[in-house]
There are 2 protein chains.
Amino acid sequence: MAGIDEVARLAGVSTATVSRALSGNGHVSPGTRLKVEAAAAQLGYVVSSNASSLASGRMKNIGVVVPFLNRWFFSSVIEGAQQALLRHGYDLTLYNLSGDGAERHSVFEHFLLRQRVDAVIAISLELTEAEVARLHTLEKPLVGVGGPIPGVRTLTIDDVAVARLATEHLLALGHTRIAHIGGNAEYDVDFHLPTNRREGYEAALRDAGATRDPVLFQSADFTIQGGYHAAKQLLGSPRGRPTAIFAASDEMAIGSILAARDLGLSMPRDVSVIGIDDHDLADFFGLSTIAQFPRVQGEKAVEILMDELHPTVREPAPSNIPLPFELIVRSSTARPAAE
Amino acid sequence: MAGIDEVARLAGVSTATVSRALSGNGHVSPGTRLKVEAAAAQLGYVVSSNASSLASGRMKNIGVVVPFLNRWFFSSVIEGAQQALLRHGYDLTLYNLSGDGAERHSVFEHFLLRQRVDAVIAISLELTEAEVARLHTLEKPLVGVGGPIPGVRTLTIDDVAVARLATEHLLALGHTRIAHIGGNAEYDVDFHLPTNRREGYEAALRDAGATRDPVLFQSADFTIQGGYHAAKQLLGSPRGRPTAIFAASDEMAIGSILAARDLGLSMPRDVSVIGIDDHDLADFFGLSTIAQFPRVQGEKAVEILMDELHPTVREPAPSNIPLPFELIVRSSTARPAAE
DNA sequence: GTGAAAGCGCTAACAT
DNA sequence: ATGTTAGCGCTTTCAC
């Protein structure tokens, strides 16, 4: 590995100039810059990030903390963030908390503190006050994605509005008995999202004067399997079967579609189903849904951090940015069959 | 942020002793160690990884390169690797190559070279000679997972044997017209796995004297959607419809199950289906499969690298380790219906 | 616009 | 077993 002084010697300049030319910090004449770049290329020189970081205090690395990896939403956000970071020359260090609590503790008390990241993106994670405080003492910018963290800048769709929109779509089609599959309490510890979505659903029903019945709510764990079992309960009910199901995620909605099928109910004739996400599989299942755009959320999180890390004249981004969402109507929703 | 000298002062020892006590390198008396640990804890001291890396040459960080993130296999391997790394005090820096070629190039020519990682894990990635060479000049250990890389230590199941086992399961049940859904050529550029699996299938048929018919092969892209479309072609065939389908992945097998359902075929009476993976959803769909254990593969990859990075008296692990796999019979496979 | 030189915070010889 | 000290390879004042 060639070092900076070899490049300097080959280019006939000082190491300081090489540093300036390659990093873009400070002024270098165009001619010199070219010479330096040529020398660097010839030697295959790449800065040592450690030396650079130690001297400058910039890590060119950001930490991403997620509760799971194998869920469409999380991996999509990460993909978006990764791509944006690569463009900025940043690395992405991943902390997956899916293990036990000890793991989580060591990530916050140890890993994130060793000066390896310039900033942290927390995805759908309800951080404790202690955790937020720990991060704050480091003076590391922190941005949340998906589910608001109190006191922290967060990128999140308006879950209440999204749920309301989904429910209103069903109401507008003429449904009156609309069931909801939401998250369970356990889930809500980490993300408030289940509660928010349920609120939007309730509000839409209330405004429309539609049936509000505790029997029409089932909780599940955001998986296809969970959605399947919940929908079976809902649709198997001997009387007052709902004509439509609004699931808080596409995966649960897909489970509902499969459950309806197994019960011999046809969709959308006997039951309409709508989800949230626009999951990769939504189109395949003909699932109507409210699309959110997790890749874009990941990219946006990165842009916010870049703005903060490299202060320019631009004004800072606003604190709680509402994200775009969009109703996508496919074949899983229709008017209820005439009685 | 407290520095090492503050800890040294508080503990009443030299910085060298603090370094030794905290890192475990070199001998420190138990009493001193305790004092140092107490002082460090009191000050909330965490080493600066940059300073440490710069001085020692150890990064305590390993790079993981993947072609996709939102596939069960990849995210599972990463989860396994992440957990093992955390235990060893290592960070995991993720490089997702799902973008364009330029991205891939910059990862290999720039990101991996800036001395940020001690080693690299490449998941299901067919590296070019140039890429392997680049990594070799860095003298960074490299281990592949899932799909052999020539000249590189690789963790991989024996794809031929796995495919053979799946096929033999169907043969033993009495099936004679067994179709295969494998990968397409495009896919094979990155992983040889499709070819290997097809070979195992062919070999099993040949040995059993069963029907080998090009009509019984369809290629797909390893997704549920892809498997669905491929299975429709296979099962919709007006004559010579296969009685069983062996799909090269569980996701494609699940697609096949859905396709059979949509065609009004019952499973396993009209058609048996078997996959490879033991995907999270396999149990839900009653899918018989050959389980592989990606989390374990990720962990094992880490252990190999740790052995290499911290040489002990133990002999090095063998070069191409065959991994465990296991036939799991659920409800998707059965004897073909009597004619 | 460019160079000289002082660190960045730690580790690893080398002493003792 | 512990202390002293010379770097690790860069960035960044401060001069010019």
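Here is the naming used below: chain letters follow the sequence lines, and residue numbers restart at 1 for every chain.
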### Task
Rounded to the nearest angstrom, tell me the gap between atom CG in L34(B) and atom C1' in dA1(D).
16 Å
### Summary
Here the pair of heavy atoms bringing F111(A) nearest to Y95(A) is CB-CE2, 3.6 Å
### Query
What string of B, S and - do you get for nucleotides 11-16 of chain D, 5' to 3', if B is base contact, S is sugar-phosphate-only contact and - is no contact with any protein heavy atom under 4.0 Å?
SBB---
### Query
Can you tell me if T154(B) uses its side chain to pair, donor with acceptor, with the backbone of V145(B) under 3.5 Å?
no
### Task
For the residue pair N50(B) and S48(B), confirm or rule out a side-chain donor-acceptor distance under 3.5 Å.
no
### Task
Starting from the 5' end of DNA chain D, give me the residue, V28(B) or V46(A), whose nearest nucleotide shows up first.
V28(B)
### Task
Among V18(A), T15(A), V13(A), T17(A), find the residue that satisfies the side chain to side chain contact (heavy atoms under 4.5 Å, CB included) test when tested with V7(A).
V18(A)
### Message
Distance check needed: dT2(D) C1' versus K35(B) NZ, whole Å only.
### Response
11 Å
### Message
Quick one, L69(A) and L94(A) - any side-chain contact, counting heavy atoms below 4.5 Å?
### Response
yes
### Query
Any sub-3.5 Å donor-acceptor pair from E6(B)'s side-chain atoms to G3(B)'s backbone N or O?
yes
### Message
Taking M59(B)'s backbone N and O only, do any of them form a donor-acceptor pair with D118(B)'s side chain (distance below 3.5 Å, no angle check)?
### Response
yes
#### Entry: Protein-nucleotide distance (D5(B), atom CG; dT5(D), atom P), rounded to Å
15 Å
### Task
Specify whether F68(A) and F74(A) have parallel, tilted or perpendicular ring planes, treating 30° as the upper limit for parallel and 60° as the lower limit for perpendicular.
tilted
### Rounded interatomic separation in angstrom, taking CG from L54(B) and P from dC10(D)
9 Å
### Task
Find the distance R116(B):CZ to dC10(D):P and express it as a whole number of Å.
14 Å
## Note on the structure
Counted 5' to 3', the first and last nucleotides of DNA chain C within 4.0 Å (strictly under) of a heavy-atom of chain B are dG9(C) to dA13(C)
